[in-house]
Amino acid sequence: MFLLLFYDYVKEKQEERKKRSKEEKEKEKEEKAEIKEKYGYAIIDGHREAVGNFTVEPPGLFLGRGDHPKAGMVKARIYPEQVTLNLGEKATVPPCPVEGHNWGEIVHNHEVTWVASWRENINNQNKYVLFSAQSSVRGKSDRSKFETARRLKKFVKKIRKDYESSLKEKDDFLCQRATAMWVIDHLALRVGNDKGKDQADTVGCCSLRKEHVKLHKPRSIEFDFLGKDSMRYHNTVEVPEVIFKNFQRFHKGKKKGEQLFDKLNPAQLNAHLQTLMKGLTAKVFRTYNASQTMQQELLKLSVEESKKMSVEERILFFNRSSVQVAVLCNHQRSVSKTHSVQMEKLDKQIEDTKTLIKEMKDHLARLKAGKTPKERGKDENGEDLKAFSTNPDTVQKRIDALEDKIRKILIKKEEKDNLKEVSTSTSKVNYIDPRVSLAWCIKHDVPIQKIFSKTMRTKFAWAIHDVQANNNYEF
DNA sequence: ACCCTGACTTAGCATCGACCAG
DNA sequence: CTGGTCGATGCTAAGTCAGGGT
């Protein structure tokens, strides 16, 4: 009863919002901008920088992703007394905007980047007001992330040698560690920390369980599990014999529910990675792998070839390259509600074009036979359709062009359908070194706004600067 | 060694809004 | 001008990983 009422209430509110007039929307937008101007910035080291989330999260029903044990719990309202502010010693404390209330603690912590924090009641975790992705603080750490991944490129030979030499270890821990490194290096899986019973059951490399892999002789492994955000990772990979044997070994004698890498945990794996390269952790492999893949894909287009292509065709090539990365990282999206409608529209375009071709072929046959052309009839609006040319060559050319059009629509349709579940934005924002993309734009004469939106260009200001200094940038 | 927690990065979905065809 | 489409942006959940405590 309560749920139904709540659902109706929310739906009603949504409908109300949709119905707002232009003026109301305009006014709301202005008010929002005013609030952002007032609360959306903080001064750090003398620079005024935007903070990403300057409001606390409103109360509501927690949903979570996938099969979450806490779905439906009430997320409580946050009051100013629960909010800690992290300010400079000399900074004036901003007045509390909620009448009759006051801030909780005021701290002066120089070791962290958050300006405010509070604790949330669902998972009892801290939430933070952090500088936005476009701020220079975040830009600096973004850059250093990619620099670490670039260092991995130099160390990767040595690291592969290290784990390859341990793949046949008798010691379970060493063998599991080496095998996990192989998996993280080759399949770009997340490390997979242990999770509590009060969270959705999702896994990464170290937390893979017996039921998540199927072994197909002679040496294929079928991975099928729910990863971060309960996204399904389903991939059958042909692996080297030693890897296959190791998986057989970790599989053997275990029951459903038992971890394959039962002697290994992420902390141990990361500790070992640190000994091979300072600053190396499991997640660096994803960044490295993504950036490296993008660079390799982009290199497949030579300047000579791209000179013959239109800018649109070059962008298409770029987008197809980023799809490779998204597939590698298993970045997915749910199929759009209008996907099937879009598909049908393309089908109709094809059908209409086919009908037209047929009509033109008849017309051409009549021309060649010396018969008088048929009347073409009327379109759906009752207008007379334009008569076909009486020149057979012109008609034939038109038919050829239409057949080409069909081929293009078919390709477009297939591409659209293939990519309906692939999301390229996540890898673009988090994994691909933006300097790789920017250097490619310069090399192939593609305006950068074609590949990076305004916010992305601000976020990657550091990268634009880097590439201006070195437009032959190599990851 | 292991567990817990704080801080930060990574993630997909909902909504917004710019642009385009009709 | 309008309604539909799709990329951009907002939101916050869900990961990673280090450091401290036991």
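Keep in mind it's a predicted model, so treat the numbers as computed, not measured. So that the names make sense, note that chain A is the first sequence line, chain B the second, and so on, each numbered from 1. Just so you know, these numbers use all the heavy atoms, side chains as well, and skip hydrogens, waters and symmetry mates.
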Quiz item: Toward the 5' end of DNA chain B, which comes first, A/Ser427 or A/Lys29, by nearest nucleotide?
Solution: A/Ser427
Practice problem: Classify the nucleic acid contact of A/Ser141 as base, sugar-phosphate or nothing, counting any heavy atom under 4.0 Å across all strands shown. | Solution: sugar-phosphate
Self-check item: Residue A/Glu111 excluded, over 12 heavy atoms near CD under 6.0 Å
Solution: no
Exercise. Report yes if at least one side-chain N or O of A/His331 is closer than 4.0 Å to OP1 or OP2 of B/dA11; otherwise report no.
Key: yes
Quiz item: So what does A/Gly192 touch, heavy atoms closer than 4.0 Å: a base, only the sugar-phosphate, or nothing?
Solution: sugar-phosphate
Exercise. Look at atom NZ of A/Lys153 and say whether more than 12 heavy atoms of other residues, nucleotides or ligands are closer to it than 6.0 Å.
Key: yes
Quiz item: Does OP1 or OP2 of B/dT9 have a side-chain N or O of A/Asn430 closer than 4.0 Å?
Solution: no
Exercise. Would you indicate what A/Asn265 reaches in the nucleic acid, counting non-hydrogen atoms under 4.0 angstrom: base, sugar-phosphate, or nothing?
Key: sugar-phosphate
Quiz item: Residues from residues 195-213 of chain A sitting under 4.0 Å of DNA chain B, heavy atoms only?
Solution: none
Exercise. Return the value, rounded to whole Å, for the distance between atom NZ of A/Lys32 and atom C1' of B/dG17.
Key: 12 Å
Exercise. Look at all strands and tell whether A/Leu130 reaches a base, only sugar-phosphate, or nothing, counting heavy atoms closer than 4.0 Å.
Key: base
Practice problem: Let me know, please, whether A/Leu63 or A/Lys454 comes out on the 5' side of the other along DNA chain C by nearest nucleotide. | Solution: A/Lys454
Quiz item: Is the shortest side-chain N/O distance from A/Asn53 to OP1 or OP2 of C/dC11 below 4.0 Å?
Solution: no
Practice problem: Report yes if at least one side-chain N or O of A/Thr426 is closer than 4.0 Å to OP1 or OP2 of B/dG12; otherwise report no. | Solution: yes
Practice problem: Establish, with yes or no, whether the OP1 or OP2 oxygen of C/dA13 is under 4.0 angstrom from a side-chain nitrogen or oxygen of A/Lys127. | Solution: yes
Exercise. Report the distance from atom CE of A/Met231 to atom C1' of C/dA14, rounded to the nearest whole Å.
Key: 11 Å
Quiz prompt | Nearest to side-chain heavy atoms of A/Thr281, which nucleotide of B/dG12, C/dC17, C/dT12 | solution = C/dC17
Quiz item: Which comes earlier along DNA chain B counting from the 5' end, the contact point of A/Lys145 or that of A/Trp114, where each point is its nearest nucleotide?
Solution: A/Trp114
Quiz item: Base, sugar-phosphate, or nothing: which does A/Lys428 touch, judged by heavy atoms less than 4.0 Å apart?
Solution: nothing
Quiz item: More than 12 heavy atoms of other residues, nucleotides or ligands under 6.0 Å from NZ of A/Lys450: is that the case?
Solution: no
Practice problem: Name the orientation class of the two ring planes belonging to A/Trp182 and A/His186 (parallel below 30°, tilted from 30 to 60°, perpendicular beyond 60°). | Solution: parallel
Quiz item: For C/dA8, does OP1 or OP2 lie under 4.0 Å from any side-chain N or O of A/Lys459?
Solution: no
Quiz item: Where the side chain of A/Gln274 is concerned, which of C/dA18, C/dT12, C/dA14 is the nearest nucleotide?
Solution: C/dA18
Practice problem: Mind checking A/Glu120 for me? I need base, sugar-phosphate or nothing, with any heavy atom below 4.0 Å counting as a touch. | Solution: nothing
Quiz item: Does some side-chain heavy atom of A/Asn418 sit less than 4.5 Å from a side-chain heavy atom of A/Val323?
Solution: no
Quiz item: Counting only side-chain N and O atoms of A/Asn193, is one of them less than 4.0 Å from OP1 or OP2 of C/dG15?
Solution: no
Quiz item: Quick one: is the NZ or CZ of A/Arg138 closer than 6.0 Å to the six-membered ring centre of A/Phe131, and within 45° of its axis?
Solution: no
Self-check item: Identified side chain to side chain contact (heavy atoms under 4.5 Å, CB included) partner of A/Val213 from the options A/Phe223, A/Phe225, A/Phe250
Solution: A/Phe223
Quiz item: Within a strict 4.5 Å, meaning less than it, do heavy atoms of the A/Arg435 and A/Arg143 side chains meet?
Solution: yes
Quiz item: Should the pair A/Tyr79 and A/His101 be assigned to parallel (<30°), tilted (30 to 60°) or perpendicular (>60°) ring geometry?
Solution: parallel
Quiz item: Distance-only, no hydrogens or angles: does the A/Lys210 side chain make a donor-acceptor pair with backbone N or O of A/Lys254 under 3.5 Å?
Solution: yes
Quiz item: Base, sugar-phosphate, or nothing: which does A/Arg457 touch, judged by heavy atoms less than 4.0 Å apart?
Solution: nothing
Quiz item: Whole-Å distance between C/dG7 P and A/His339 NE2?
Solution: 14 Å
Practice problem: Identify which nucleotide among C/dA13, B/dA7, C/dA18 has an atom closest to any side-chain atom of A/Tyr128, counting heavy atoms from C-beta outward. | Solution: B/dA7
Quiz item: Would a 4.5 Å heavy-atom cut-off, applied to side chains only, mark A/Val436 and A/Leu298 as touching?
Solution: yes
Practice problem: Using a heavy-atom cut-off of under 4.0 Å over every strand shown, decide if A/Gln125 touches base, sugar-phosphate, or nothing. | Solution: nothing
Quiz item: Considering only side-chain heavy atoms of A/Ser453, which listed nucleotide, C/dA8, B/dA7, C/dT12, is closest?
Solution: C/dA8
Self-check item: Below 4.0 Å: OP1/OP2 of B/dC8 and any side-chain N or O of A/Thr113
Solution: yes
Practice problem: Output the residues of residues 223-230 of chain A in contact with DNA chain B, where contact means a heavy atom of the residue under 4.0 Å from an atom of the strand; sort by number or write none. | Solution: A/Lys228, A/Asp229
Quiz item: At under 4.0 Å between heavy atoms, what does A/Arg190 touch on the DNA or RNA strands: base, sugar-phosphate, or nothing?
Solution: sugar-phosphate
Quiz item: Just by modelled atom types, is the A/Arg209 backbone N or O under 3.5 Å from a matching donor or acceptor in the A/His212 side chain?
Solution: yes
Quiz item: Rounded to whole angstrom units, what separation is found between the CG atom of A/Asp67 and the P atom of C/dA14?
Solution: 12 Å
Quiz item: So, do A/Arg232 and A/Asp224 sit near enough that their side-chain heavy atoms are less than 4.5 Å apart?
Solution: yes
Exercise. Quickly work out the A/Gln268 CD to C/dG19 C1' distance and round it to whole Å.
Key: 17 Å
Practice problem: Mind listing the residues from residues 282-289 of chain A sitting with a heavy atom below 4.0 Å of DNA chain C? Number order is fine. | Solution: A/Ala282, A/Lys283
